[in-house]
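In this chain, numbering begins with 1 at the start of the sequence shown. This is a predicted model, so every value here is computed, not measured.
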Amino acid sequence: MAFMKMLIGLPLLVVILVFAFVNNDLATFSLWPFYIEITVSLSVAIVFFILFGFVFGSLFSWMSYAPVRQALRKQKKQNKKLHKEQQKLAQEVEVLHVNIANMQDTEKTDAKMSFGSKIKRFFKAKKDQQNLSA
């Protein structure tokens, strides 16, 4: 995009500057409500009005994109929020994977235990729950 701007802008700038400096006649500008007359070289007036138009156009363009910049700021803020939430959920998933692995290990050890030891463990867990709730 910058290359296209330069490709179009540089030749246009050269043409404007050549046109401005070839016209060296004096021009008189009167500022109507104030009754002031200014006499300047036509080349200076052309360059001034071109620069004025460029600055005014740039300012207008910048102001017209204010809603787009505001929406972009909101999106960035929301992206940060969602990224934090995603990281939090990823940590929770990791904890769940660890819990699943632990449960699978206990399941393997439970399979090797005898029926009597399983019953003792069950009642011991019930007793521990009652002690905690009391």
Would [X] and [Y] show up in the same hydrophobic cluster when neighbours are defined by side-chain heavy atoms closer than 4.5 Å?
X	Y	result
V18	L10	no
I46	L12	yes
L51	L17	yes
F34	V40	yes
I38	F49	yes

Kindly compute the distance separating [atom1] ([X]) from [atom2] ([Y]), expressed to the nearest 0.5 Å.
X	Y	atom1	atom2	answer
Q75	L82	CD	CG	11.0 Å
L96	M103	CG	CE	9.5 Å
F29	F48	CZ	CZ	9.5 Å
K5	L7	NZ	CG	13.5 Å

Which of R69, K76, K77 passes side-chain contact (heavy atoms from CB on, under 4.5 Å) with R73? It is R69
More than 12 heavy atoms from other groups under 6.0 Å of CD on Q78: no
* To do: Report, as yes or no, whether the 6.0 Å neighbourhood of atom CZ on F56 holds more than 12 heavy atoms from other residues, nucleotides or ligands.
  => no
* Just do the side chain to side chain contact (heavy atoms under 4.5 Å, CB included) check on N102 and V98 with the steps written out, would you? => CA-CA 6 Å; N102 289 339; V98 170; 3.9 Å; yes
Q.
Show, in sequence, the C-alpha distance, side-chain angles and deciding distance for I50 and F54, and conclude whether the side chain to side chain contact (heavy atoms under 4.5 Å, CB included) test is met.
A. CA-CA 6 Å; I50 294 294; F54 175 76; 5.6 Å; no
Here the side chain to side chain donor-acceptor pair (under 3.5 Å) pairs for residues 42-68, sequence neighbours left out, are S41-S43
H97 meets the side-chain hydrogen bond (donor to acceptor under 3.5 Å, both in side chains) criterion, sequence neighbours left out, with none
Taking every heavy atom of E37 against every heavy atom of S30, the minimum-distance pair comes out as CG-CB, 3.8 Å
Nearest heavy-atom contact between L42 and N23 is CB-O, 3.7 Å
